[in-house]
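Only this structure's heavy atoms are used, side chains among them; waters, hydrogens and symmetry mates stay out. Below, chain A is the first sequence line, B the second, and so on; all start at residue 1.
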Amino acid sequence: MKVSAVRQALLLLALAFVPAIGEAIYFRNKVSWQSPIPASELVTVEQARSWGDNVIWVDARPDNEFERDHIPGAVSLNEDRWNELLPQFLGQWSPEKKVIVYCSAQSCNASREVAKRLRDEAQLKNVFVLDGGWEEWLKSKR
Amino acid sequence: MNTDFLKLIGIAALTALAQGARAELKWEQTSVDLKPALGDKQAVAHFKYENIGKTPVHFKSVRASCGCTAAQTQNEKVGPGEKGEVTATFNIGGRTGTQVKTVTVQTDDPDPSHATTMLTLKAVITPLLEIQPTLVFWQNGEEPKPKIITAKANKDAAIKKLDVISSVPDFTAKVDAGSAPNEFRISVQPRDTSRAVYATLTIKPDSPVNTASTFPAAARVMPPAPTPATASTPATKSTLSTIRRDPAIPAATAASPGH
């Protein structure tokens with residue numbers, strides 16, 4: 001009786017693995033347990049503030065959201081108009097400064113994508129992502 | 001005992017009837033893989049559905065995960081047996097690589113497991129040209145040696161030649177064949193590094209696939225390192241006020257690498 005129950009449990013477990021493995025292969029670049037950015041490349045609002053003027057803020061949100069409001073001094077650089085906005089950002093970049101990219105909230109992915117492209121394509125160092133994004137920045141002002 | 005058994009059958013029958021009478025959208029597919037052609041501006045996914053229930057279904061909301069995707073349904077109400085589709089239009093913009101966007105559809109189905117459906121659009125965007133690095137810079141006073149930008153052309157784009165245009169005459173750019181097929185080497189050199197200069201380099205491939213595409217890179221001579229007296233000056237002002245911007249001039253044209 002016990003052996004049969006264990007066998008059934010193992011069979012169910014094996015069956016559950018089939019779709020799980022399939023999903024893991026299909027979404028191999030988007031697996032939920034794998035953080036797209038290492039913790040060392042994330043900064044909190046508090047940390048960012050402690051860096052003072054030694055920061056270039058990059059707003060990865062769409063144009064309309066940037067126009068509505070943004071972190072003071074931030075440069076707009078989103079992937080909708082990457083080719084137009086990139087030269088403007090590179091004109092303001094400075095090797096001594098840290099770059100912090102942000103998007104709307106914790107759930108958005110735009111800041112990660114923009115930060116990755118700045119590291120890979122422009123080969124910039126000291127590029128960080130703001131944890132919690134614009135939403136967290138607003139909360140810290142309250 | 002018999003009464004209990006009849007009650008049980010009655011409940012089962014009513015449940016079955018209720019199941020049959022309820023609305024239900026059946027999706028042909030909830031995930032669509034797209035491979036936009038080189039130079040495409042948009043990728044459109046069609047998610048087809050059919051109401052296989054007995055009552056109408058009303059859409060409460062159709063919401064995309066990002067501003068780059070617009071999603072809409074043909075009708076607000078789907079009668080029993082009716083078919084339709086949700087269209088998701090993904091604006092590619094300057095994006096490259098694998099892009100996964102989702103659309104959340106909410107209906108008035110009383111069963112929460114059927115009321116919300118997540119539709120996934122996966123698009124693999126291959127760029128016409130991959131440029132690396134997109135920025136070359138020299139410190140103030142550094143020896144003005146050339147620095148290399150590599151441009152890797154998509155093999156399907158049949159790019160034979162690249163034009164590189166500098167926005168200022170303070171930099172020269174020369175294009176040669178790279179070490180690999182479909183690769184170009186752009187050699188950028190400042191005339192001098194004694195003062196801060198910034199140039200946008202516009203890279204224009206001669207691709208027959210997409211003649212309108214240009215790609216940006218930048219070249220800079222950095223301003224002198226701030227002294228303690230100037231360190232408190234706002235960075236943007238100190239950097240940009242010393243940058244010279246002149247009308248664009250053609251800087252370089254290269255012949256085909258021939259492979």
Notebook entry, point to check: Is B:Lys122 close to B:Val32 at the side-chain level, that is, under 4.5 Å between some pair of heavy atoms?
Noted result: no

Notebook entry, point to check: Yes or no on ring pair (Phe, Tyr, Trp, His ring centres under 6.0 Å) for A:Phe128 and A:Trp51, after CA distance, side-chain angles and deciding distance?
Noted result: CA-CA 12 Å; A:Phe128 301 87; A:Trp51 291 342; 5.1 Å; yes

Notebook entry, point to check: Does the cation-pi check pass for B:Lys48 over B:Trp27, that is, NZ or CZ under 6.0 Å from the six-membered ring centre and within 45° of its axis?
Noted result: no

Next item on the list: Specify which of B:Ile92, B:Leu201, B:Thr96, B:Thr214 makes the most heavy-atom pairs with chain A at under 4.5 Å.
Entry: B:Thr96

Check: With a 4.5 angstrom heavy-atom cut-off, which part of A:Leu118 approaches chain B: side chain, backbone, both or neither?
Finding: neither

Notebook entry, point to check: Hey, are A:Asp53 and A:Lys97 close enough for a salt bridge, meaning a charged N less than 4.0 Å from a carboxylate O?
Noted result: no

Check: Which answer fits A:Gln88, side chain, backbone, both or neither, if we ask what part of it has an atom under 4.5 Å from a heavy atom of chain B?
Finding: backbone

Notebook entry, point to check: Taking every heavy-atom pair that is under 4.5 Å apart, which of B:Ala218, B:Ala217, B:Pro216, B:Gly93 has the most such pairs with chain A?
Noted result: B:Pro216

Margin query: Set out, in order, the CA-CA distance, both residues' side-chain angles and the distance that settles disulfide (SG to SG under 2.5 Å) for B:Cys66 and A:Cys108, then state yes or no.
Written below: CA-CA 8 Å; B:Cys66 83; A:Cys108 68; over 6 Å; no

Next item on the list: Go through the atoms of B:Glu130 and report whether side chain, backbone, both or neither lie under 4.5 Å from a heavy atom of chain A.
Entry: neither

Checklist line | Interchain contact, A:Arg117 with chain B, by part (heavy-atom threshold 4.5 Å) | finding: side chain

